[in-house]
Amino acid sequence: KTIMKVHKESIGRLISILYRSGQNHIGRQLEPYGVGAGQFAFLAELFQKDGVSQDELASFFRCDRATATRALQRLESQGYVIRKKSEEDGRVNLVYLTDKAHLFQPTLYSVLSGWTEKLAEGFSDDEKRLLITLLTRLVKNTVKTQGPE
């Protein structure tokens, strides 16, 4: 194969394009609510597990503490989360959703599911299941390349 053909078929390149497209689309949809592309995933994760530490969130998203802190500061300034010192360990900040966040949850889920529907347009149910299986395998392969947490 030529270098150009290999480049066009690159899994990493295609995933990168999908990621950027998703960030742009979702960011535009959530802009009126004061939630940026760098914050919505933190909210979505907190809807699954409220009251976790900033460090746990950074670890979950495989980002550095500074990135997690910036995202959470933005969400806090917009009134979606509050951060409280842990009663057990005063060095740890725990992050909790506010009433505003809970009211926003259906909107966020609607935007995220809308993006998923757009991505899977024209796919059969079998193709969707296969894609999820293959993407899950890709994620497992990346975990093997990560250093110790």
Single-linkage hydrophobic cluster Val111~Leu119, side-chain heavy atoms < 4.5 angstrom: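 Shared cluster, yes.
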same_hphob_cluster(Val81, Phe60) at 4.5 Å side-chain heavy-atom cutoff: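 Yes, Val81 and Phe60 fall within the same hydrophobic cluster.
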Between [X] (side chain only) and [Y] (backbone N and O only), is there a donor and an acceptor less than 3.5 Å apart?
{"X": "Gln23", "Y": "Ala37", "value": "yes"}
{"X": "Asp50", "Y": "Leu97", "value": "yes"}
{"X": "Thr136", "Y": "Ile132", "value": "yes"}
{"X": "Thr133", "Y": "Arg129", "value": "yes"}

Nearest non-hydrogen partners of [X] and [Y], listed with the distance:
{"X": "Gly51", "Y": "Leu94", "value": "O-CD2, 4.0 Å"}
{"X": "Ser110", "Y": "Ser113", "value": "O-OG, 3.2 Å"}
{"X": "Val92", "Y": "Ser53", "value": "CG1-CB, 3.6 Å"}
{"X": "Thr98", "Y": "Ile82", "value": "CG2-CG2, 3.8 Å"}
{"X": "Ser124", "Y": "Glu127", "value": "N-OE1, 2.8 Å"}
{"X": "Phe42", "Y": "Cys63", "value": "CZ-SG, 4.1 Å"}

By side chain to side chain donor-acceptor pair (under 3.5 Å) - contacts of Lys49 (at least two apart):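 With sequence neighbours excluded, Lys49 shows a side chain to side chain donor-acceptor pair (under 3.5 Å) to Glu56, given in chain and number order.
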Side chain to side chain donor-acceptor pair (under 3.5 Å) involving Gln48 - partner list, sequence neighbours excluded: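 Here the qualifying residues are Tyr109.
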Run the salt bridge (Lys or Arg N to Asp or Glu O under 4.0 Å) test against [X] and tell me which residues pass, sequence neighbours left out.
{"X": "Arg65", "value": "Asp55"}
{"X": "Arg91", "value": "Asp89"}
{"X": "Arg83", "value": "Glu76"}
{"X": "Glu31", "value": "none"}

Members sharing Tyr19's hydrophobic cluster (side chains within less than 4.5 Å):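 Noted: Tyr19 shares its cluster with no other residue.
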Residues that, via side-chain heavy atoms closer than 4.5 angstrom, fall in one hydrophobic cluster with Leu134: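 So far as hydrophobic clustering goes, Leu134 is joined with Leu130.
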Test side-chain contact (heavy atoms from CB on, under 4.5 Å) applied to Ile15 and Leu138, step by step: CA-CA 11 Å; Ile15 289 172; Leu138 286 174; 3.8 Å; yes
Partners passing side chain to side chain contact (heavy atoms under 4.5 Å, CB included) against Ala41 (at least two apart in sequence or in another chain):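 In terms of side chain to side chain contact (heavy atoms under 4.5 Å, CB included), with neighbours along the sequence ignored, Ala41 is linked to Phe61.
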Listed partners of Gln39 passing side chain to side chain contact (heavy atoms under 4.5 Å, CB included), at least two apart: Val35, Ala71, Arg74, Leu75
Would you find more than 12 non-hydrogen atoms of other residues, nucleotides or ligands less than 6.0 Å from [X] atom [atom1]?
{"X": "Lys118", "atom1": "NZ", "answer": "no"}
{"X": "Phe47", "atom1": "CZ", "answer": "yes"}
{"X": "Ile11", "atom1": "CD1", "answer": "no"}
{"X": "Lys84", "atom1": "NZ", "answer": "no"}

Ring pair (Phe, Tyr, Trp, His ring centres under 6.0 Å) pairs, two or more places apart, involving residues 117-138: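 For residues 117-138: none.
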Pair listing, ring pair (Phe, Tyr, Trp, His ring centres under 6.0 Å) test, anchored in residues 72-103, at least two apart: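 Counting only pairs at least two positions apart or across chains, the ring pair (Phe, Tyr, Trp, His ring centres under 6.0 Å) contacts touching residues 72-103 are Tyr80-Phe104.
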NE2 on His25 to CG on Leu112, rounded to 0.5 Å: 9.5 Å
Separation between CD1 of Ile26 and OG of Ser21, rounded to the nearest 0.5 Å: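 Separation between the atoms: 10.5 Å.
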Leu46 and Leu57, any side-chain heavy atoms less than 4.5 Å apart: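 Yes, at least one pair of side-chain atoms sits under 4.5 Å.
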